[in-house]
There are 2 protein chains.
Amino acid sequence: MRTSIATVCISGTLEEKMHACAEAGFDGIEIFEQDLLVSPMSPEEVRALAARLGLSIDLFQPFRDFDGVTVELFAENLRRAEAKFQLMNRLGVDMILVCSNVATATIDDDDVLAAQLRQLGDLAARYGVKVAYEALAWGKFVNTYRHAQRIVDLANHPNIGTCLDSFHILSRGDDPSGIEDIAAEKIFFVQLADAPVLSMDILSWSRHYRVFPGQGGFDIAAFLVHLTRAGYTGPISLEIFNDVFRQSNVRRTAVDAMRSLQWLENRASHRIEKSLEAPDAEPLPEPHLELEQLPIVEPPHGIDFVEIKTEDSEAISELLSQLGFVFQGQHRRKSVQLWTQSEARVVINGQRARGTAPNISALAFRVDNPDMGYSRALELHAAAVPRHHTPDEAELRAVRAPDGTEVFFAHSDSAQSDDNEGASVPAWTQEFGTASGASSYSTALIAGVDHVNLAQPWQAFDEAVLFYESVLRLDTVPGTEVPSPAGLIRSQVVRTHDGAVRLALNLVPHGLDAEEADLDGTPRNYPEHVAFSTANIIEVARRATAAGMDFLKVPENYYEDLAARFRLTSEELAELKDLNLLYDEDADGAFVHFYTETIGKVFFEVVERRGKYDGYGAPNAPVRLAAQFERSRFRGQR
Amino acid sequence: MRTSIATVCISGTLEEKMHACAEAGFDGIEIFEQDLLVSPMSPEEVRALAARLGLSIDLFQPFRDFDGVTVELFAENLRRAEAKFQLMNRLGVDMILVCSNVATATIDDDDVLAAQLRQLGDLAARYGVKVAYEALAWGKFVNTYRHAQRIVDLANHPNIGTCLDSFHILSRGDDPSGIEDIAAEKIFFVQLADAPVLSMDILSWSRHYRVFPGQGGFDIAAFLVHLTRAGYTGPISLEIFNDVFRQSNVRRTAVDAMRSLQWLENRASHRIEKSLEAPDAEPLPEPHLELEQLPIVEPPHGIDFVEIKTEDSEAISELLSQLGFVFQGQHRRKSVQLWTQSEARVVINGQRARGTAPNISALAFRVDNPDMGYSRALELHAAAVPRHHTPDEAELRAVRAPDGTEVFFAHSDSAQSDDNEGASVPAWTQEFGTASGASSYSTALIAGVDHVNLAQPWQAFDEAVLFYESVLRLDTVPGTEVPSPAGLIRSQVVRTHDGAVRLALNLVPHGLDAEEADLDGTPRNYPEHVAFSTANIIEVARRATAAGMDFLKVPENYYEDLAARFRLTSEELAELKDLNLLYDEDADGAFVHFYTETIGKVFFEVVERRGKYDGYGAPNAPVRLAAQFERSRFRGQR
């Protein structure tokens, strides 16, 4: 599949955009006219730069308000078009996008529109240019791809074809399967965009909220399948107008875009493969889009370890100890500690941590084939984390997630070593010695990691969702918004179907209060956390209380509201209150949990899921956020 | 008019919110339940704090999903309600907001709903509580205020009345005049919210985009007139859910909210006054809302001076000189220079400017009565700028605009002094001596200040629009969005009807590129500018070119596009290109302008308006932004 991207998707100067697209591995670009117009590079210089970077210029766009106009305006439009054709010759691009008229059309007559396009085709032919006509969803007379196609068919000119844009088709709820009826040679160009499912006017939706395929709610893979079945073989291009992408780092956004196309290609390819297995399957036409598949991997089976980086490990160690974790040992070579309890493993990394407050620096996922997972991640343009290991140490490979967290691929088959209780433990833990510490408790109550909550800076949020989906094969579930004293926090869970791995990605609000936001727009003290699972939250809380642990204090008012909302006995309520426990229930079951105080940028949660409760206690999140805000832990120097 | 505000409008802890509301001068507050629930303060402590701050607690809200439910659920809902009534007794609040059912209603029968509300009324009466029933715009069965009123009338219980919320009524396009038909004693509460006119689902619109009255597109003043005519005399409260307010400084937002109510009260009062003057006017009922008026002032007649603050005045002086400004002199006492050309006056302030790069620090407006303008601004909670002056110096008073710019009130009657050419000049200019410098040009070509473009941080944008509207009586015109290489820039012009004063307020995008945004979310180097007016742009540009001025370079591609878009002769085009001039035209006329390079955070523009052109060359703004981006002037250490 030949990949392309419109320069309007990303930020910066035209020169920076072209470099970023080339580096991300795109085959070509669409030049958005405005980007050229404001550039100091001449068309010839742009052409030369594209050639040097190995980028084809696939499309020049947009040309607006051409069709359905009066004779007088039509002459003017042809003059305008000719100036652009001349410019295109200098740029070395032979395809122009003509959008259906929004502003100046007065003649609602397909024959007139077709005749005007035919004349444009004649003019275009003289310059060796092809015209891809696209129905804008808000076009005055032409706003569906079928209507645009009818006019293209009527025009019946070799230089006039159609441009299909997934946004303009899917945002209207149109059925894209009609694409398969269009003659392949008449599909001159294809632009893809995804979008969250919003109910707003299509123009605003389109101008601000488009996202890369896989980041929104449209079925773009199905769209690609239809194109393949239509026999289209041209470039697949991204055209995304997004307020965040426009402001973000141009190179990162280009890589994000490329990953989205790869992931899309992979999914579409699998769908076609499946559909061809059906007994009455129609074969694909020849030629058709060749879609590449990524190596097939299964989603991870669990979290192998969580790494917390900090200069000073004391406070974290104390918390872990109060929660019943055992100090497993110091790494034999590095300034790294291992704390464990059942399947929960926390690595405290003191390397290169001068001045670093505790923060979640890495997550390791248990996968079937770490090597394949890693190389597949690199194929998906994830950045490798350089790591050194001695020959007798386990080779753990990692890539960097969009927010900087290191993502390790660990062996899910952990039976390479047995601890002294006979349970299987990962081989790498041997580098820490075995159970050199002891628990203050006779039995381990914490079973493993339930979920990890990671703060995402505003530029990384959509990118992170796609990253975890494509690189780790996690699934997204519908997002939520949680009120905090410093703004709404958007939260998106990515998880495995079986719940063995659950990550909550939280979009941190821009500002805390005005003074601080002026100094530092990103509230980097917004804490992240690891939630451990237990089958006996009461006992864990009792032990921790006895050990003098700092719980996050839950306000009295909360328990009064609990009493109004749920049918809890006064004994149950008293126990919850006594132990600073929070409670939620739904039709599937109940959820009891507590939070520790925050150390640096990290705190811990312990959760007990009762019945089939599958959520995260979202109604209690505001209580936590307010308590943390009150304790000034995420407001910096307040 | 008694003013109130819901605690959900602003950021911070409940305690901080209450302090901020009291300081801003609100009479009372609505307690949003969630704010109490997450607070460590007990209800009794909240009550005591409110009393100490002189705030009444006017409403407890919201109580959801009460009405239209099954018998079983109804019993549960009464239990829930009783718990809240007990809580309200402890808080000392006697009014609760009950929203029409969204989630759990199954019975669409007004009689059943009324009977359930009546039973709630009986229970409420036992606790001395009154229930204000409100139709949510997205309520399942009840979603208009007329329907809610019908049910309240059917319930016919002294403790059951209605709550009117301007958002829920106006967002649906309902006619608010029916309010006048409601018995005044049945209007238990009123909540106001404005909103920009958006086409999106009402729930999202309501949860994220509400703004204070005067900041959106609703006619809230008319709403208030209807309430007055209905005989309502209770508190007028603000209930605003806004993503930005939730993140901004609590004290500033509270003041912004208060100003919005004052301005609203003033406008509604004027409307009533006018309506009562009509020959067939209906008198107001007794009693009715008493609406206060602000002193009446006229909009300003022009910009008296622009102040640029900088440690080093050399580069700015050179630019001004190249544009034909005359150095008028040094202030006799302060490190301040005055440069003038006709009615354009630029003050360069070097006081307390150590390390300060040039920036627009103050604007002076010519008004009829500076004293009244100033004291009226203070009434509108504008912050006074402390200023020292000696007895023989002009007393110029100033307040601070939301973005920090100082706003001076200067005498519009400037005939207190004559310069040597016989033109009238402001008295304060005499403190600078008279024409101690000389122009390099024989005639002054620049006539005055056409407009000033001010960058607004994200927290200040809506606040600034309301500030200029209420304090200076400027009018808003529809806003625009301008693409820049670092994101879309939202722009809002506020101006006098005659165009004598025009300010463009630009909302600066959050980030430039990701790395820098991580370090510094606010691109504080985003430049502002002063645009001077001339009747001969060609000559100004020629002179400046001859004087070696640094023009902002316009790319060649721009002129090729101009040729395609407009019917300009090749001579005209050549002249534009030669002089780095930009061009725009519309049905009213044409606009020719140029920009200088940026010094610190300031640059200048010179504009010639031809015919009745009334815009600002918006199509050319992206060219300017790209050129400035390219020159690294607003990207800091790029």
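Numbered from 1 within each chain, the chains take letters A, B, ... in sequence-line order. Basis for what follows: all heavy atoms, side chains included, without hydrogens, waters or symmetry-related copies.
Residue contact with chain B, scored on non-hydrogen atoms closer than 4.5 Å, involves the side chain of A:L87 exclusively. Using a 4.5 Å cut-off between heavy atoms, A:D561 touches chain B through backbone and side chain atoms alike. Neither the backbone nor the side chain of A:A81 comes within less than 4.5 Å of any heavy atom of chain B. With a threshold of 4.5 angstrom between heavy atoms, A:S42 approaches chain B through N, CA, C or O but not through any side-chain atom.
Under the 30°/60° scheme for interplanar angles, the aromatic rings of B:F32 and B:F241 are found to stand perpendicular.
For the atom pair CZ of A:F566 and CG of A:D584, the computed distance is 5.0 Å after rounding to the nearest 0.5 Å. For the atom pair CG of B:L73 and OG1 of B:T104, the computed distance is 5.0 Å after rounding to the nearest 0.5 Å. Here B:R210 contributes atom CZ and B:N242 contributes atom CG; the two are 10.5 Å apart, rounded to the nearest 0.5 Å.
Not counting sequence neighbours, A:E82 has no partner by the salt bridge (charged side-chain N to carboxylate O under 4.0 Å, His left out) test.
Top candidate by heavy-atom pairs under 4.5 Å with chain B, chosen from A:E33, A:E560, A:K17, A:R207, is A:E560. Interface summary for chain A: among B:V554, B:D243, B:L36, the most heavy-atom pairs under 4.5 angstrom belong to B:L36. In terms of heavy-atom pairs under 4.5 angstrom with chain B, the leader among A:W205, A:Y558, A:F245, A:Y559 is A:Y558. Considering only heavy-atom pairs separated by less than 4.5 Å from chain A, the leading option among B:E15, B:E76, B:Q86 is B:E76. In terms of non-hydrogen atom pairs under 4.5 Å with chain B, the most contact-rich of A:A564, A:A83, A:P43 is A:A564. Considering only heavy-atom pairs separated by less than 4.5 Å from chain A, the leading option among B:H208, B:R565, B:M41, B:R79 is B:R79. Contact count versus chain A (heavy atoms, under 4.5 Å) is highest, among B:A563, B:P622, B:A460, for B:P622.
A salt bridge is absent between A:D256 and A:R252; no separation between the charged side-chain nitrogens and carboxylate oxygens falls under 4.0 Å. We find that B:R90 and B:E44 are joined by a salt bridge, their nearest charged nitrogen and carboxylate oxygen being less than 4.0 Å apart. Ion pair B:E16/B:R251 not flagged as a salt bridge, since none of the NZ, NE, NH1 or NH2 atoms sits closer than 4.0 Å to an Asp/Glu carboxylate oxygen.
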